[in-house]
Protein chains: 4
Amino acid sequence: MPRAVREQQMMDAAVQTFGRLGYRAASMDEIAELAGVSKPLVYLYLNSKEELFTACIRREGAALVAAVRDGVEDVRAEEPADRQLWAGLTAFFAHTAEHPDGWSVLHHQARTHGEPFAGEVARTRAELTAFVTDLIGAAGREAHPTPEFGDRDVTGLAQALVGAAESLAGWANETPGVSAKEAAATLMNFAWAGLGNLMAGKRWSPAR
Amino acid sequence: MPRAVREQQMMDAAVQTFGRLGYRAASMDEIAELAGVSKPLVYLYLNSKEELFTACIRREGAALVAAVRDGVEDVRAEEPADRQLWAGLTAFFAHTAEHPDGWSVLHHQARTHGEPFAGEVARTRAELTAFVTDLIGAAGREAHPTPEFGDRDVTGLAQALVGAAESLAGWANETPGVSAKEAAATLMNFAWAGLGNLMAGKRWSPAR
Amino acid sequence: MPRAVREQQMMDAAVQTFGRLGYRAASMDEIAELAGVSKPLVYLYLNSKEELFTACIRREGAALVAAVRDGVEDVRAEEPADRQLWAGLTAFFAHTAEHPDGWSVLHHQARTHGEPFAGEVARTRAELTAFVTDLIGAAGREAHPTPEFGDRDVTGLAQALVGAAESLAGWANETPGVSAKEAAATLMNFAWAGLGNLMAGKRWSPAR
Amino acid sequence: MPRAVREQQMMDAAVQTFGRLGYRAASMDEIAELAGVSKPLVYLYLNSKEELFTACIRREGAALVAAVRDGVEDVRAEEPADRQLWAGLTAFFAHTAEHPDGWSVLHHQARTHGEPFAGEVARTRAELTAFVTDLIGAAGREAHPTPEFGDRDVTGLAQALVGAAESLAGWANETPGVSAKEAAATLMNFAWAGLGNLMAGKRWSPAR
DNA sequence: TATGAATGAGCTTTCATTCAT
DNA sequence: TATGAATGAAAGCTCATTCAT
């Protein structure tokens, strides 16, 4: 059996184990057994538990980003910004629902174990946030050549949107009968009007 | 030194250690040393690592809920719904910024280690979500006697709002110079218009 | 409460705990709690776990020897040897049945933990064996001025008799409906004819 | 070194350590060191202290039963009952003298630590008692077609005989110069006449 | 390429014992 | 006389990692 295939099998087992038990509770014994190979082979290919976990984070992060990009790519250019955002969100919810263990690795496990894992997953998150920032920013500039909101506002909004999406992903996975489309619709309902207002320069302010 | 005081010292040390390293990586040795006591004393008072962690989750969860309630209580009744939400969010961001380790325990660590911890923190989250649901629901019913959106919509929105808030808490903590008020304002800008639209029965829909 | 009484309470608790759990598994915490006093008081009175256990062995050993002696004393002198043995055995079985924890301490626990405990209980056993040896020996010499069996034979027989009695004590305690008298009768049936033969100089021999 | 060999080495060390110190006082560290391996290897092969102790009880119990059976087998059929009993007793005393630690595990240690150990050793004892019961019972029925003593009598006698043998095993081990044959002869002298009487329907009775 | 055999280091937990009051 | 507070030391067990083959 070729090395590349074996490696993927090991990482499948690792993602499942890490996703369900967490980094510390997952044991290399368990991963090796689930992968159907001996432990020394895991070390031969992946070097250490730390490197194995890092590889998992990278693979799952890249897959998620790719899924979102592909979802948007399908409608890009000829469609308005809200449709692009909708496409991205739908792809996001569909992917996380289909890969719950991978999503757990990214969202839950990798962020709770300090460096270098948190940094690794932060890169993935930054990619997604930048992607959303671009989408929102482009739409905003397009609609209002002299926007009143700056980069930090946009970043904060993208952060909030991504955060809301991440949270909804957990909610959708745990609530039976909530589909990716429904989750995406909930988020669009929640977000789009607010984003529209902001792009139009209207803000909510604590002063009455 | 009286038992009650020592117990709080131990829990302070435990929250800090669990919050920074995670449940598994935190060792009772480390916690005891940080608390300035011997390990057997920690066991004498808190019984086990599991019970200690549970006690931390409960204490930090109760403190967060109390902070939010107190923040809203200050403006309750004489103020409209958006002001109440604003007050709650500000209190939330202020509290999480002041207690980053406690927030890490609740948001990151407790949710990644299965039962009984996940259930414990879920109760805290449910309290907050219910609180927000009430606020949104009351505002919605007030504005529109016959609302077109049902309970599940409201729950989904509250989920998204709480999720966005949780995510922004991380962002605010990690980004220097972002205050609790600023984070709350970002979220209000993001959320309020959307909620207003929804309460008015206007929805975003994928169909053009 | 006078010291002597407290001390007996502690030893009662200790005998019960040691008897049921064994020396190592019994904890001073448990004993103190069962005795209704604080742990330091146990140490103040009994000094250490080792001394406490030794004191238990001595007390229970002395009580058993006294019970057997008293049983025989009641019939001594005016009765033949078999009646005396019967009285002693009955007293032995009655006492062990009434004090199962004390018996467990002597028979099971003290003998399995090396010096100085084994030596302590060996003294009690030696007293009983010597007592039985006297009884058998006197009867034998009385019946046959020139016995063909020497001291070592008598010691071996006493050993076997005491061993059989100890073993039957366990059996009688664990088998519902077996009384002290029944156990004693079983042993007399088993032993007396053999002893009689030996006193008469008749032996069983492997040679045909 | 192959696993099966290492396992026996570990069990040898365990029997020695358990036999001399008792279950609780024996530490896995000590056993591992005596076996010349690291502690994790002991756990890898034997799983836990409890399972290791159970394995020791089983191995030593099986060896003892086999020794007695083999001893009797050598004379079976062509010999009368007393010769068979004699052969069994001799084998028993020889085996316990040659394996004092194993005998200590069975007779002392395993019986003082509750379930599941007591049950485990009870099975071995039941095998031996059943064996002796058969021997006595067969001899009795052969001699007296209508015996006056029932099953419980026979069981009690077998119990007393086995108990006496067990006790003598300790005595023989601790008394220099007492051979297996001598111990067996003492017990036969003690027991055979009594058994003969009982088989003949003659009993000792407390009434004069 | 692949593995059976093996371990150093570290973890949670318990317990006999003491001190200050 | 009596105890609440506290700990040094050690035990059972697990795990990431390596080596000889």
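Keep in mind that the numbers below use all heavy atoms, side chains included, and drop hydrogens, waters and symmetry copies.
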A.B. asks: Considering only side-chain heavy atoms of Tyr43(D), which listed nucleotide, dG12(F), dA16(E), dA6(E), is closest?
C.D. replies: dG12(F)
A.B. asks: In whole Å, what is the span from the CG atom of Asp29(B) to the C1' atom of dG8(F)?
C.D. replies: 12 Å
A.B. asks: Paired with dT17(F): which nucleotide, if any, by Watson-Crick or G-U wobble criteria at under 3.5 Å for both distances?
C.D. replies: dA6(E)
A.B. asks: Could you say whether Leu41(C) or Lys39(D) is positioned toward the 5' end of DNA chain F, judged by the nucleotide with the nearest heavy atom to each?
C.D. replies: Leu41(C)
A.B. asks: State plainly whether the residues Arg111(A) and Glu166(A) are in salt-bridge range, i.e. N to O under 4.0 Å.
C.D. replies: yes
A.B. asks: Looking across every strand, which nucleic acid part, if any, lies under 4.0 Å from Ala32(D) by heavy atom: base, sugar-phosphate, or nothing?
C.D. replies: nothing
A.B. asks: Counting any heavy atom closer than 4.0 Å, what does Ala26(A) reach on the DNA or RNA strands: base, sugar-phosphate only, or nothing?
C.D. replies: sugar-phosphate
A.B. asks: Could you say whether Tyr45(A) or Asn47(C) is positioned toward the 5' end of DNA chain E, judged by the nucleotide with the nearest heavy atom to each?
C.D. replies: Tyr45(A)
A.B. asks: Tell me whether Arg3(B) forms a cation-pi arrangement with Tyr45(B), defined as NZ or CZ under 6.0 Å from the six-membered ring centre and within 45 degrees of its axis.
C.D. replies: yes
A.B. asks: Of Met28(B) and Ser27(C), whose nearest nucleotide on DNA chain E comes first from the 5' end?
C.D. replies: Met28(B)
A.B. asks: What's Arg24(B) touching, base or sugar-phosphate or nothing? Going by heavy atoms closer than 4.0 Å.
C.D. replies: nothing
A.B. asks: What nucleotide, of dA5(F), dT13(E), dT7(E), holds the atom closest to the side chain of Lys49(B)?
C.D. replies: dT13(E)
